[in-house]
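Notes to accompany the following structure.
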Amino acid sequence: MKNIYILSCLTLLNSCSAFKTSGPYEKEIHYVSLAKGQTKADHEKVTEKINIATQGSFATKAAYETFKKGGNIIDAATTASFVLAVERPQSTGIGGGGFALYHDANRGKDFPLTVDFREKAPINAHEKMFLDDKGEVISRMSLDGIFSAGVPGMVAGMLELHKEHGKLPLETVMQAAIKLARDGFTIYPELAYAISKRENIIKRYKATCAIFCDKNGDILKEGDKLVQSDLSKTLKIISKKGRDGFYKGTIAKALVGEHRRLKGLMTQKDLDKYEVKYRDPIRGDYKGYEVFSMSPPSSGGVHIIEILNILRKDDLKTYGVQHSKTVHLRASAMQAAFSDRASYLGDTDFTYVPVTGLTSKKYADDVRYSIPENKALNSVWSNMNDPSKYEAKEDRELVNKYESPETTHFTIADGKGNVFVSTQTLNGYLGSGVIVPGTGILLNNEMDDFATKPGANNLFGAVGGEKNLVQPEKRPLSSMSPTIVTKDGKAVLGLGSPSGTRILTCVVQTIMNYLDHDMPLYESIAATRVHHQWKPNVLYVEESGLPARTIKDLKRMEHEIEYKKLGCRVQAISFEDGKLRGVSDPRGRGLVLGE
C-alpha cells in the first residue's frame, strides 16, 4: 500500500491549495483545486472487478453498463471511445485518430499490444502545401478548413480491436453513443468554451453551424442542448456494417465529396488504403518497474523513457516532490527531451529515428552530465550528443528499413489484471471546423502536427524538424503517451492525458510522483505540475503554484517562470493490494466508476 503521508486537509482539496507536514519546507506540496461542483468522490474510486476513468460522465457510465452486460475490457473501451466522440466533439471524434496500449494479463511478461490508428496525410499531400510562393507559412492553413484534415483512423482502430478482442456484438457496444447523439445533452462549460473559441470557423461552414449554432445562427452556449442527429445515423451505419460503414459506401462518398467541393486532397483511395499499425512499444526499466509507452509516430513514449533515464540516479525523494532541486532537474530533463524531439522524431515508416539511442541509459547519463546542478539551461542550449552513436549497428539497420490543448484519454482496468489505455484526438478545439454535410463527422486538423517547414511552431509551440515534414501517407508526430507500468509482468499503473506537448511531461510527473515519492495516486495527479519544452525557454508552472521558497530558488537559478494552465487531465488506474484505484484528474469534469 502506498505510504500515505498526506494530512487531513487533502480530503478538502477544493478548498485547500497547499499544506505543510511537520519538517523542512521541501515536504510542502501545493495541489490544484477540484473543478466547480465536483467532489473527490467523483474523481477517485477503489473497486475490485472493473474500474473506468474517462473525461466524460456519459462515456464512463456507458462503458460501465457495457461491462455489466457481460462485456470485457475491450467492449467497454469501444463504448467509451464512441461515446466520447459524441460527448467531447472539441476533443475527439470519428473524424480523428489515436493510439492505444492493451496489457493482457494472460500474456504475462509479453509487451502490451500497441496500436497506432493515427491519422495520415492524404496521398496528394506534399511538404510545401502550407507555404506560399515565397516559402513562408500561410497563416492557419494547417489549422482551419479542409486542408488541415488528415485521413481519419479512429473507426478503423477501435473496430479492429473490438473485432479481435471484444465479446459483445458491435451494435450493442455502440448503442449508447448512437442514443446520446440522437437525444442530445446539455452543453457543459468546457465544451461551451471550445465552441466560443471557434466561433469564426463554425460560422464559415453551413453544416458545422447547423449543429453548433441555434436557429438564429448564434453559437450554442453553456446550458443549451447539443443534438447530433446526422452523427447518430452515421454511428448506426457503422454499428451494422463495421469498418465498411465508414470507409466505403454513402459515408465515404460524402466525405470524399466534401473534399472535392472544398478543393481538398482526400480521395476514396486514401480511405481504402488506411491501415491500422501494430507497433512495438517504447520500453524502459525504472527502479524495478517496466514502463511501456507509445512508439513513433508519437514522441511521447521515447521522451518519457528518456526523462526517466536522465533522472534515474537522482534521489529526488530525499528533497521532496516540489523542492527546487527536484523541479530544476525535471525541467532540465524535459528541455533536453524536447530538443531531441525537434531534431530526431518523425514517422519511422518514413524516416530513421534513433529510438534505442534516445532511450539508452548511457545516452541519458551523458545528457545528465551536461545539466548544471544549480543553473537553468540557457536559451541557446541544445543537446550536442548524437543518439545514433548509442545504438547498436543492428538497431540502426532495423529502423532504417522502415514518428492539442485538447484530445482525450481514458483508462480501463479489470480485476483480472488487464488494462487498456487510449489517447484519441481531433487535435485543436473542434478540429478543422469542417463537418461533412449529412454525416455529422467533424474532421480533424491533424495536419498541423506536421512541421509546416523546419523551425516553424505548431499549435502547441513545438518546433518542427526535417523528419516531420509532410509526405504522402505519412503520420504526423504526436505527443500522445498512453502508458502502462508493470512489475514482474503484472500491471501496476495505466495512465495518459490530453494537452498536446504537455502530455508527456504530465504523464512522466505522475509516474515519478507515484513511484519515486510514494504519493497516493490521487495526490500524484493533483500536485501542481510544471512544463518545459525547450523553446520558448520558459518554465511553465500551473496556477496553483509551487512553494514560495521553491519559486525563489528557481529564479535564483535563472529559470524564467510563467504561470499557466497546462490543460492536462490525467486518467489513471493503479493496482494496489488486489484493488483497482481509479482517478480522474480533479482539474476536469471526468468521472470514475466501477465495482
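Heads up: numbering here begins at 1 and tracks the sequence.
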Please evaluate residues K361 and D285 with respect to the criterion salt bridge (Lys or Arg N to Asp or Glu O under 4.0 Å), reporting the C-alpha separation (whole Å), side-chain torsions for both, the decisive distance (0.1 Å), and the verdict.
CA-CA 10 Å; K361 290 179 178 177; D285 61 275; 2.6 Å; yes

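- Heavy-atom minimum distance, I305 versus G284: CD1-N, 3.8 Å.
- The backbone N or O of K248 sits nowhere less than 3.5 Å from a side-chain atom of D244 that would complete a donor-acceptor pair.
- With no hydrogens or angles considered, a side-chain donor-acceptor pair links D75 and H162 at under 3.5 Å.
- For the pair S481 and I304, the tightest heavy-atom approach, listed with the atom from each and the gap, is CB-CD1, 3.6 Å.
- Between Y352 and P354 there is a side-chain heavy-atom pair separated by less than 4.5 Å.
- A cation-pi geometry, defined here as NZ or CZ lying under 6.0 Å from the six-membered ring centre and within 45° of its normal, holds between K40 and Y522.
- Between the side chains of T501 and Q533, a donor-acceptor pair is found at a separation under 3.5 Å.
- Contact check on R475 versus D449 returns no salt bridge, with no Lys/Arg side-chain nitrogen under 4.0 Å from an Asp/Glu carboxylate oxygen.
- Taking the side chain as every heavy atom from C-beta outward, F82 and M154 approach each other to under 4.5 Å.
- At most 12 heavy atoms of other shown residues, nucleotides or ligands fall within 6.0 angstrom of atom CD in Q175.
- A donor-acceptor pair is defined here as one N or O able to donate and one able to accept, closer than 3.5 Å; no such pair exists between the side chain of T351 and the backbone of T348.
- The environment of K487 atom NZ is dense: over 12 non-hydrogen atoms of other residues, nucleotides or ligands sit within 6.0 angstrom.
- In this structure, K69 places its NZ atom where more than 12 heavy-atom neighbours from other residues, nucleotides or ligands lie under 6.0 Å away.
- Of all the heavy atoms in I503 and M480, the pair that sits closest is CD1-CA, 3.8 Å.
- Side-chain contact check for F292 versus F111: some heavy-atom pair is nearer than 4.5 Å.
- The shortest non-hydrogen separation linking T407 to Q55 is O-OE1, 3.6 Å.
- Residue E275 holds its CD atom at 9.5 Å from CG of D116, rounded to the nearest 0.5 Å.
- Residue E48 is tested with K579, K416, R581 for a salt bridge (Lys or Arg N to Asp or Glu O under 4.0 Å); the sole match is K579.
- A salt bridge does not link K49 with D414: none of the charged nitrogens is closer than 4.0 Å to a carboxylate oxygen.
- Using a 30° and 60° split on the angle between ring planes, F420 and F410 fall in the parallel class, below 30°.
- A salt bridge links R118 and E446; the closest N-O separation between the charged side-chain nitrogens and carboxylate oxygens is under 4.0 Å.
- With 3.5 Å as the limit, one finds no donor-acceptor pair spanning the side chains of T408 and S91.
- E87 places a side-chain N or O within donor-acceptor distance of the main-chain N or O of F58, the cut-off being under 3.5 Å.
- Expressed to the nearest 0.5 Å, how far CG of L255 lies from CD of Q268 amounts to 9.0 Å.
- Here the straight-line distance linking atom CG of D280 with atom OG of S295 works out to 7.0 Å at 0.5 Å rounding.
- The pair K68-E65 counts as a salt bridge, with a side-chain nitrogen and a carboxylate oxygen less than 4.0 angstrom apart.
- Residue E171 holds its CD atom at 4.5 Å from OG of S239, rounded to the nearest 0.5 Å.
- A distance of 8.5 Å separates CZ of F99 from CZ of F117, quoted to the nearest 0.5 Å.
- With ring centers used as reference points, H531 lies under 6.0 Å from F338.
- Among all heavy-atom pairs drawn from T359 and V355, the shortest one is OG1-O, 2.8 Å.
- Taking CD1 from I178 and CE from M174, the interatomic distance works out to 5.0 Å, rounded to the nearest 0.5 Å.
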Intermediate values then yes/no, side chain to side chain contact (heavy atoms under 4.5 Å, CB included), R279 and T114:
CA-CA 5 Å; R279 309 280 188 186; T114 305; 4.2 Å; yes

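- The pair D365-K313 meets the salt-bridge criterion, since a charged nitrogen lies less than 4.0 angstrom from a carboxylate oxygen.
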Let's go through M266 and L271 carefully: what are the C-alpha distance in whole Å and the side-chain angles of both, what is the deciding distance for side chain to side chain contact (heavy atoms under 4.5 Å, CB included) to 0.1 Å, and is it a yes or a no?
CA-CA 8 Å; M266 204 177 304; L271 298 176; 4.2 Å; yes

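- Within the 4.5 Å cutoff, the side chain of L566 has no heavy atoms near those of the R587 side chain.
- Between K120 and D270 no salt bridge is recorded (no basic side-chain N to carboxylate O distance below 4.0 Å).
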Can you check side chain to side chain contact (heavy atoms under 4.5 Å, CB included) on E523 and Y31, steps first, answer last?
CA-CA 8 Å; E523 285 72 29; Y31 294 87; 3.7 Å; yes

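- Taking the side chain as every heavy atom from C-beta outward, P297 and S478 never approach each other to under 4.5 Å.
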Before you tell me yes or no, could you show the steps for T425 and T92 under side chain to side chain contact (heavy atoms under 4.5 Å, CB included), namely the whole-Å CA-CA distance, both residues' side-chain angles and the distance that decides it to 0.1 Å?
CA-CA 4 Å; T425 189; T92 185; 5.9 Å; no

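- One N or O on the side chain of N445 and one on the backbone of G428 form a donor-acceptor pair closer than 3.5 Å.
- Counting only heavy atoms from C-beta outward, the side chains of I50 and L593 never approach each other to under 4.5 Å.
- Among the candidates T439, I251, T234, the single residue satisfying the side-chain contact (heavy atoms from CB on, under 4.5 Å) test with I94 is T234.
- Between the side chain of E119 and the backbone N or O of G153, no donor-acceptor pair lies under 3.5 Å.
- Contact annotation: the side chain of D516 approaches that of K287 to within less than 4.5 Å [non-hydrogen atoms, C-beta and beyond].
- A salt bridge is absent between K474 and D349; no separation between the charged side-chain nitrogens and carboxylate oxygens falls under 4.0 Å.
- Under the 4.5 Å side-chain criterion, counting only non-hydrogen atoms from C-beta, K467 is not in contact with L345.
- For the residue pair Q571 and S584, the shortest heavy atom distance occurs at OE1-OG, 2.7 Å.
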